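Working notes, beginning with the structure itself.
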Amino acid sequence: MVKDLFERIKGDKGPLGKWADKAEGYYVFPKLEGPISNRMSFNGKKVITWSINDYLGLANHPEVLKVDGESAATDGMAYPMGARMMSGHTKYHEQLEQECAEFVGKEAAYLVNFGYQGMVSAIDALVGKDDIIVYDMDTHACIIDGVRLHAGKRFVYRHNDIESCEKNLKRATKMAEKTGGGILLVSEGVFGMRGEQGRLAEIVALKEKYNFRLLVDDAHGFGTLGEGGRGTGFEQGVQDGIDVYFATFAKSMAGIGAFFAGDKDVVQYLQYNMRSQMFAKSLPMPMVKGALKRLDMIRTMPELKENLWKITNALQSGLREAGFDLGTTQTCITPVYLKGEIPEAMAMVNDLRENHGVFCSIVVYPVIPKGLIILRLIPTARHTIEDVNETIEAFSAIREKLENGTYKQVAATIMAE
């Protein structure tokens with residue numbers, strides 16, 4: 001007998017979905033309202049907002065709003081119509097690609113509509129069934145999904161563990177010698193959950209011993225690291241060793257879209273073989289002209305990155321001085337590690353938002369191991385030292401309640417309702 005496909009869904013909503021009735025609209029799918037800034041409205045109250053990836057504070061910058069608005073008024077959101085290969089190509093798309101390539105020190109670049117979609121599709125295009133993928137186990141979901149599409153062999157190495165990376169490169173080399181294929185190694189420039197930089201310099205050094213190509217997802221490094229915000233490759237002095245460089249506009253650029261950059265022949269191959277772009281509508285003109293403006297501001301306004309790091313350093317040093325565990329972050333991403341179960345985490349975050357006016361993202365199982373809670377803070381150039389001080393004071397108060405069992409009692413009452 002053939003089962004009803006939806007029977008499983010009714011009985012198993014998934015590790016996060018099972019909390020939907022109690023969590024949706026508050027802990028997950030929350031509604032932040034008002035202009036994107038360091039303080040926004042949540043649940044009818046003003047809160048310090050540490051969960052917006054607007055690193056350089058460009059989202060509501062007057063110059064950005066002016067360009068976005070003017071393009072929306074003159075070009076509309078529909079232009080250009082159609083996919084790039086057919087009828088959706090413009091000189092502005094070409095200009096943005098050229099400027100992105102120059103900014104990150106590559107020969108050519110290619111725009112994609114969304115970072116997630118683009119990464120999945122690029123991996124699918126770059127490797128064939130005889131090729132081997134080697135990747136860090138903590139890479140972003142878009143990389144994992146791209147790897148899942150691969151019909152060939154793949155090897156995963158322990159997070160940021162160069163010894164494990166080399167061990168798997170050896171395995172990949174033996175396999176590729178049998179299949180006649182090549183090897184693609186995939187890492188992130190900045191790992192978005194832990195805030196660690198990928199060990200790109202050491203990975204690039206492995207090219208002296210192994211024949212592989214390197215794809216780096218630098219979504220969180222672009223705009224925040226390296227000279228002029230040119231990314232993690234520049235930060236570590238190995239940009240030339242990155243074969244395919246990827247960055248998204250959704251973080252430092254506060255927009256929509258992304259790009260891949262590399263040698264001209266590789267970029268051209270992606271242009272003609274990435275299914276997500278060949279069969280998708282072109283990036284709308286306000287997004288393109290807006291990205292040109294944002295990129296120009298990153299190039300010409302170093303104070304944006306300087307302000308970001310002033311706040312980052314104050315927040316991270318203050319939290320560490322207060323005794324909090326931030327792990328091994330080397331970037332603006334600020335994870336605060338605490339111990340507790342999901343119900344306790346929910347009670348704690350409710351207290352943090354309602355009584356202390358602090359809004360940050362909460363990360364629990366299955367994203368991280370059971371019994372661990374991460375409160376993830378994203379500093380921006382818009383935050384102030386006052387925001388930092390209030391947040392550290394609030395975190396100290398909630399930690400005490402977590403450790404003395406207050407949240408466990410509150411959680412038990414909530415779960416019994």
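All heavy atoms count here, side chains included; hydrogens, waters and symmetry mates do not. Predicted model, so just to flag it, every value in this text is computed and none were measured.
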Check against side chain to side chain donor-acceptor pair (under 3.5 Å), Ser121 and Arg275
CA-CA 6 Å; Ser121 190; Arg275 294 174 63 82; over 6 Å; no
Would you say [X]'s side chain and [Y]'s backbone share a donor-acceptor pair under 3.5 angstrom?
X: Thr49; Y: Met40; result: yes
X: His356; Y: Val358; result: no
X: Gln277; Y: Asn113; result: yes
X: Lys45; Y: Glu354; result: yes
X: Lys339; Y: Leu402; result: no
X: Trp50; Y: Leu375; result: no
X: Thr384; Y: Asp387; result: yes
X: Asn313; Y: Ser317; result: no

Using 0.5 Å steps for rounding, measure from the [atom1] atom of [X] to the [atom2] atom of [Y].
X: Met175; Y: Arg171; atom1: CE; atom2: CZ; answer: 8.0 Å
X: Ile362; Y: Met346; atom1: CD1; atom2: CE; answer: 8.0 Å
X: Leu214; Y: Leu200; atom1: CG; atom2: CG; answer: 6.5 Å
X: Arg294; Y: Ser252; atom1: CZ; atom2: OG; answer: 11.5 Å
X: Thr232; Y: Asp217; atom1: OG1; atom2: CG; answer: 9.5 Å
X: Glu202; Y: Asn160; atom1: CD; atom2: CG; answer: 8.5 Å

So, do [X] and [Y] sit near enough that their side-chain heavy atoms are less than 4.5 Å apart?
X: Tyr79; Y: Pro284; answer: no
X: Asn168; Y: Tyr157; answer: yes
X: Gln268; Y: Gln271; answer: yes
X: Met119; Y: Ile143; answer: yes
X: Leu308; Y: Thr312; answer: yes
X: Asp138; Y: Arg194; answer: yes
X: Leu65; Y: His61; answer: no
X: Val363; Y: Met193; answer: yes

Any salt bridge linking [X] with [Y]? Criterion: basic side-chain nitrogen under 4.0 Å from a carboxylate oxygen.
X: Arg148; Y: Asp124; answer: no
X: Lys209; Y: Glu166; answer: yes
X: Glu306; Y: Lys310; answer: no
X: Glu390; Y: Arg39; answer: yes
X: Glu163; Y: Arg158; answer: no
X: Lys207; Y: Asp243; answer: yes
X: Glu63; Y: Lys293; answer: yes
X: Lys153; Y: Asp131; answer: no

Think [X] forms a cation-pi with [Y], using NZ or CZ under 6.0 Å from the six-ring centre and within 45 degrees of its axis?
X: Lys106; Y: Tyr245; value: no
X: Arg154; Y: Tyr135; value: no
X: Arg353; Y: Tyr26; value: yes

Exercise for the section: Please assess Arg84 against Glu97 for the test salt bridge (charged side-chain N to carboxylate O under 4.0 Å, His left out), listing each intermediate value before the final yes or no. Expected result: CA-CA 13 Å; Arg84 288 280 296 280; Glu97 287 170 339; 3.1 Å; yes
Check: [X] ring centre within less than 6.0 Å of [Y] ring centre:
X: Phe260; Y: Phe246; value: yes
X: Phe103; Y: Phe222; value: yes
X: Phe191; Y: His159; value: yes

field: CA sep, side-chain torsions, deciding dist, call: Glu188, Thr139, side chain to side chain donor-acceptor pair (under 3.5 Å)
entry: CA-CA 6 Å; Glu188 292 192 60; Thr139 50; 5.4 Å; no
Is it the case that atom [atom1] in [X] sees more than 12 heavy atoms from other parts of the structure closer than 6.0 Å?
X: Tyr92; atom1: OH; value: no
X: Arg213; atom1: CZ; value: no
X: Glu227; atom1: CD; value: no
X: Met137; atom1: CE; value: no

CA sep, side-chain torsions, deciding dist, call: Glu99, Gln95, side chain to side chain donor-acceptor pair (under 3.5 Å):
CA-CA 6 Å; Glu99 292 192 18; Gln95 180 185 347; 2.9 Å; yes
* Where do His93 and Ser282 land on the side chain to side chain donor-acceptor pair (under 3.5 Å) test, with the steps shown first? -> CA-CA 9 Å; His93 288 73; Ser282 179; 2.9 Å; yes
